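Structure first, then comments.
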Amino acid sequence: MMRARVLANIPVDKEFDYAVPPSLEEKVKPGVRVAVPFGNREITAFVIDVFPDDVLKDEIKNERELKDIKRAIDKEPVFSPREVELAKWMAAFYFCSPGEALSVMVPGGRRDVGVPAFAVEDELTDGSVELTGEQEAAIASISSASHAMYYLYGVTGSGKSEVFFRAARHVVDSGRQVIYLVPEITLTHQLSRMVACRFPGRVAVLHSALTASQRIDQWKRILRGEVDMIIGARSAVFAPCPRLGMIIIDEEHENSYKAGSTPRYHARQVAQKRCADAGATLVMGSATPSLEAWKLMHEDSGMLKLELPQRVGGGRPPVMEVVDMLRENRMISRRLEEEMRLVLGRGKQVILFLNRRGYSYFFHCATCGYEMSCPHCSVSLTYHKNEAMMVCHYCGYTRSPVTVCPDCGSLDVGYSGFGTEMVEQEVARMFPSASLARLDTDSTRDRDAMALVLEDFRHGKIDILLGTQMVAKGLNFPGVELVGVVLADSGLNVPDFRSREHTFSLLVQVSGRAGRYNDKGRVVVQTYKPGNEAVTAACAGDVDGFYDRELDARRETGFPPYGRMVNLVVRGRNKDKAETEAARLAEICESTVSALVRRNPGRKDLPEVFGTSSCPVEKIAGNWRFHVLLRGMSPALLHQMIGAVVRQYKAPSGIYMEIDIDPLHLL
DNA sequence: TCCTCAACGTTC
DNA sequence: AACGTTGAGGAC
């Protein structure tokens, strides 16, 4: 009789054995998923090993009878032993179970007959563009593989993609595979089309519109070695290439590379691990690197910084100016309005950026002090005028808006704090003859609508494009001569050590949208904090300076990338219980630290309990949240400490602990 | 004495 | 995680 050893998506670090019925012996092999009875239900499990029962003859004596595998889900493997090894590494690094890790690595979904996943259009492929000296040098350096990691540091338009393509081509020609990660990828993404043309036939584009079965089909192709080039978002870092030669991470600073739920892995960390194991090269790039990357490329760490200082088509960076909004009593300052009139008068286009959806996000009663917040989350509701709804941006709760205070009936109530919807109304009033479109997750629910807006803007049918993050990233339109940042402060008020970094990077990214193809680009940045370092450095174009100073500040204060952090979040329906559990957890942490101190007398880099309190957003979707924040200068000791804490702390029912290693924000 | 609910333990 | 079993305490 054959037995199969499996992992399952449960938070238990255990492997389970099943009997393989003779009828399934052909189908059940390592790497396939199977349906198995588990307790009194049926779950999907991952087969990691198949062997004859007699191998374990001695142990089996008094073992209870094994259950039978019900059926095989895959006809051929969807992962290999390499992936199992990686899952075990992830389990150790992120404190999840190997089964949980494996199940985020392998795309889910049942098999079915799918439509072709991606039609490669026969489009122009411009592989013969002239390269700048810096580009040539960068390609040569990467191809020499003198370093394990490379960082392409260069402004928007400096030709990073071309370097990525050529470096990838070199790897592919030598018979190995390349994974190309991008922050997000839609069907309309021009990059995916470009890659598909450059590597015809042997590309897997894992875009967001794929069905689960299409995704798993691509996965099998990759595993069979039929693909040279894989392009996709975060989870594509797990693509099971048999001979991995390179991983490229485009826009390395993007937060979407970090997973938002357990296991909270970071694609950059996983990529580093995979490249080290496979002897592959890791190539990252951005105009605004994360501070983690900045630190790595400026110390002797095996990562080489490659600068692309000039724009490929020539042209100067946009002129940036700051408007102090304390002197203005309006949403669009006189200065910005004036610039908009000039640009529109020339028949050119404007992008307006505001990182806040909705009409207004604060309802307040002046009589009794009532504030309208979500009943399930501790955040205020945002008024969406078009839908005539009050909406919670955390959990999606909606209710109808009011004109009198629901608490005391007073008429002395007001809405304050503006979002894109209100700006849209104001801009439409100021520029009645201009055509205006709003681009955010509310205005463009489906991707078709979004693609349509972008096409119209590209063809000049829209004069002013107003939107959130979506307009800040990666879009390039030759007709744009002005970018207005309606309010640069929105990110600066959050109490997070990364807020300056985020604001800075966002400002530099949006400014890249202005005047990419001409010398007339202008950026007007409106802010209530004109003296803030992130604002002044971004407007002065002082990128290196900002990073060096910010890195110094992090070193002084012991924040990442110098100190490492771990966030332990305790959540539950019952507020008191969650709070006492968090306190209990904090005590366990404290005593673990004390034990470490005793065992390592004199060490200066021991972990510390950095803080314990309710999370900045105390309640989300009915769950009360408390956290214990840990920090340590030694990653190894911090890791050791978490391990000890996890062994000691067992959450009671109704209480859940989430472990966030290297959190991006402390919510 | 019955019933509900939360605490705990197991899952091949 | 998701489902059993068990046991304490409340209402009748």
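All values below come from the heavy atoms of this structure, side chains included, with hydrogens, waters and symmetry mates left out. Numbered from 1 within each chain, the chains take letters A, B, ... in sequence-line order. Just so it is clear, the structure is predicted and the values come from calculations on it, not from any experiment.
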Subject >> salt_bridge(Glu658(A), Arg625(A)) N-O dist < 4.0 Å >> reply: no
Subject >> Identified salt bridge (Lys or Arg N to Asp or Glu O under 4.0 Å) counterpart of Glu292(A) within the set Arg498(A), Lys258(A), Arg554(A) >> reply: Arg498(A)
Original post:
Which whole-number value in Å describes the distance from Met1(A) CE to dC12(B) C1'?
Top reply: 14 Å
Original post:
Just how far, in rounded Å, is C1' of dC12(B) from CG of Asp49(A)?
Top reply: 14 Å
**OP:** Classify the side-chain pair Asp496(A)/His665(A) by whether it contains a donor and acceptor separated by less than 3.5 Å.
**Re:** no
Original post:
Contact class for Val6(A) vs. all strands (heavy atom < 4.0 Å): base, sugar-phosphate, or nothing?
Top reply: nothing
**OP:** Figure out the CD1/C1' separation between Ile655(A) and dA6(B), and round it to whole Å.
**Re:** 12 Å
Original post:
Atom CZ of Arg573(A) and atom C1' of dA7(B): how far apart are they, to the nearest Å?
Top reply: 19 Å
Original post:
Within the structure, does a side-chain N or O atom of Lys14(A) lie under 4.0 Å from either OP1 or OP2 of dA1(C)?
Top reply: no
Subject >> Gap between atoms CD and P, on Glu42(A) and dA2(C) respectively (whole Å) >> reply: 15 Å
Original post:
Looking for any heavy atom pair under 4.0 Å, which part of the strands does Ile10(A) touch: base, sugar-phosphate only, or nothing?
Top reply: base
Subject >> Mutual orientation of the aromatic rings belonging to Tyr257(A) and His266(A) [parallel < 30°, tilted 30-60°, perpendicular > 60°] >> reply: tilted
Original post:
What is the distance from CD of Glu581(A) to P of dA7(B), rounded to the nearest Å?
Top reply: 9 Å
**OP:** Using a 4.0 Å heavy-atom cut-off across all strands, classify Pro11(A) as base, sugar-phosphate, or nothing.
**Re:** base
Original post:
At under 4.0 Å between heavy atoms, what does Tyr18(A) touch on the DNA or RNA strands: base, sugar-phosphate, or nothing?
Top reply: sugar-phosphate
Original post:
Can you find a side chain N or O atom of Asn40(A) that sits less than 4.0 Å from OP1 or OP2 on dG4(C)?
Top reply: yes
Original post:
Contact class for Lys650(A) vs. all strands (heavy atom < 4.0 Å): base, sugar-phosphate, or nothing?
Top reply: nothing
Original post:
Starting at NZ of Lys67(A) and ending at C1' of dT10(B), how long is that distance when rounded to a whole Å?
Top reply: 10 Å
**OP:** Nearest whole angstrom, please: distance from the C1' of dA7(B) to the CZ of Arg584(A).
**Re:** 13 Å
Original post:
Any Lys/Arg nitrogen of Arg82(A) or Glu85(A) sitting under 4.0 Å from an Asp/Glu carboxylate oxygen of the other?
Top reply: no
